Undergrad: 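What follows is a single structure, and I will ask about it in a moment.
First the proteins, then the strands, lettered A, B, ... as listed; each starts at 1. Scope of the values below: all heavy atoms of this structure, side chains included, with no hydrogens, waters or symmetry mates. Only a predicted model underlies this, so the values are computations on that prediction, with no experimental measurement involved.
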2 protein chains.
Amino acid sequence: MDLSCKSEYALLALLELSPHYASGEPLQIRQISSQQNIPDRYLEQLLATLRRAGLVKSQRGARGGYLLARDPWKISLYDVVSCIEGFDAQADVTKVPDTSEAVVIQDVWGEVRQAAEAILQKYTLQDLVDQRNAKQQVDIMYYI
Amino acid sequence: MDLSCKSEYALLALLELSPHYASGEPLQIRQISSQQNIPDRYLEQLLATLRRAGLVKSQRGARGGYLLARDPWKISLYDVVSCIEGFDAQADVTKVPDTSEAVVIQDVWGEVRQAAEAILQKYTLQDLVDQRNAKQQVDIMYYI
DNA sequence: AGTATACCCCGGTTCTCCACTGGGGTTTGC
DNA sequence: GCAAACCCCAGTGGAGAACCGGGGTATACT
């Protein structure tokens, strides 16, 4: 019941990209990884996954980097986590429960999954950026 | 985001034990494992964990077996899953998030965890037994 | 008493996945 | 043309999941 490193790294990277979306200037892996203490070669793989899922765009060559593919309020946390964790492709080998007890357990677990997904769907990258800004604002007020 | 075998096996076993709680007659590993298609030596380990957590009681020797330690409506699914998955002892190495972005992500994830736990807490073993019975009742009606 | 029946404990094994590293190749701006 | 970036693919080390097996111990029944 804990967030995997993969998803956390991916979210951190996208949160870094979010403020840069307006300018249209790409951000490099090195920048993100040093900013968020993420191993850069690992982050590269995650960004490749996000690109294949259509969440970010990449620009190759010198002065290249990554940009969000669409506005930060149009990307939900569910979009990110589901593509990184890859639980879209889980419909293939759904094991058939053999007893009636197994069925009710699966039902409850479905309810759990749905609740988790609902929360991830209601937050967008923009929401998190706003939350972070608000939190920093509070910190400044306490500092004064 | 999927239920582990361990937790599912444990829940199935406890659902088997629930109807026998009233009689006070213990149920053997072999019975449970054959009823629910669970490898018996593996189930043994899980029941040992449940026993150490105080959810079941064991009776050794001939005509021994396992019983629930308390009434089936006093055991929530959260009790079971948390002890099997062992996420009580997670408070020790809570990694300190280094950036403000990491903090907001952890906050959201905390919300997700809480929602999942709330659902697991609201269901008891008795609830699942009732659901199973209700479902079988419906099946019979369709059969007629 | 003796024996069969069950739990008990501990250890090993295979497999998969995660987190991470490394070696090249290709595109692009200056 | 060269350096800066992405791209792809491959491998590695560790951890945990899902088992299996052997030997020990308590208990009921005869």
Undergrad: Walk me through whether B/Gln137 and B/Asn133 qualify under side-chain hydrogen bond (donor to acceptor under 3.5 Å, both in side chains).
TA: CA-CA 6 Å; B/Gln137 206 65 20; B/Asn133 290 342; over 6 Å; no
Undergrad: Do any side-chain nitrogens or oxygens of B/Arg63 fall under 4.0 Å of OP1 or OP2 in C/dC7?
TA: no
Undergrad: Between D/dC8 and A/Arg52, is there an OP1 or OP2 to side-chain N/O distance shorter than 4.0 Å?
TA: yes
Undergrad: Using a 4.0 Å cut-off on heavy atoms, which residues in residues 9-25 of chain B reach DNA chain D? List them by number, or say none.
TA: B/Tyr9
Undergrad: Just verifying a value: how many Å separate A/Ile38 CD1 and A/Tyr9 OH, rounded to the nearest 0.5 Å?
TA: 6.5 Å
Undergrad: Sequence neighbours left out, what passes salt bridge (charged side-chain N to carboxylate O under 4.0 Å, His left out) with A/Glu111? Give chain and number order.
TA: B/Lys122
Undergrad: Can any side-chain N or O of A/Ser34 pair as donor or acceptor with the backbone N or O of A/Arg30 at less than 3.5 Å?
TA: yes
Undergrad: Compute the bend angle of the helix from C/dA1-D/dT30 to C/dC30-D/dG1 from the end axes (five pairs per end), rounded to 10°.
TA: 10°
Undergrad: Would you say that A/Asp40 contacts A/Glu44 through its side chain, given a criterion of any heavy-atom pair below 4.5 Å between the two side chains?
TA: no
Undergrad: Does any pair with a residue in residues 68-78 of chain A pass salt bridge (Lys or Arg N to Asp or Glu O under 4.0 Å), and if so which ones, sequence neighbours excluded?
TA: A/Arg70-A/Asp79, A/Asp71-A/Lys74
Undergrad: Find which nucleotide of DNA chain D each of B/Gln59 and A/Gln28 is nearest to by heavy atoms, and output the residue with the more 5' nucleotide.
TA: A/Gln28
Undergrad: Let me confirm one number: the CZ-CD distance from A/Arg132 to B/Glu101, rounded to the nearest 0.5 Å.
TA: 4.5 Å
Undergrad: Is there a donor on the side chain of B/Arg60 or the base of D/dT27 sitting less than 3.5 Å from an acceptor on the other?
TA: no
Undergrad: Which pairs, with at least one residue in residues 47-59 of chain A and sequence neighbours excluded, count as a salt bridge (Lys or Arg N to Asp or Glu O under 4.0 Å)?
TA: none
Undergrad: With respect to A/Leu17, which candidate in A/Leu68, A/Leu67, A/Leu125, A/Ile75 satisfies the side chain to side chain contact (heavy atoms under 4.5 Å, CB included) definition?
TA: A/Leu68
Undergrad: Please tell me if A/Arg30 has a side-chain N or O lying less than 4.0 Å from either OP1 or OP2 of D/dA4.
TA: no
Undergrad: Starting at NZ of A/Lys6 and ending at P of C/dT16, how long is that distance when rounded to a whole Å?
TA: 16 Å
Undergrad: Got a donor-acceptor contact below 3.5 angstrom from the A/Ser7 side chain to the A/Leu3 backbone?
TA: no
Undergrad: Please report, rounded to the nearest Å, how far the P atom of C/dT5 is from the CG atom of B/Leu27.
TA: 17 Å
Undergrad: Decide yes or no on side-chain hydrogen bond (donor to acceptor under 3.5 Å, both in side chains) for B/Gln36 and B/Glu16, but give the supporting numbers first.
TA: CA-CA 9 Å; B/Gln36 296 290 341; B/Glu16 284 291 315; 2.6 Å; yes
Undergrad: So if I take residues 38-50 of chain A and measure heavy-atom distances to DNA chain C, which residues fall below 4.0 Å?
TA: A/Pro39, A/Arg41, A/Tyr42, A/Gln45
Undergrad: Check whether any side-chain N or O of A/Ser58 sits under 4.0 Å from OP1 or OP2 of D/dA5, and answer yes or no.
TA: no
Undergrad: Rounding to an integer number of Å, can you tell me how far B/Asp2 CG sits from C/dT16 P?
TA: 16 Å
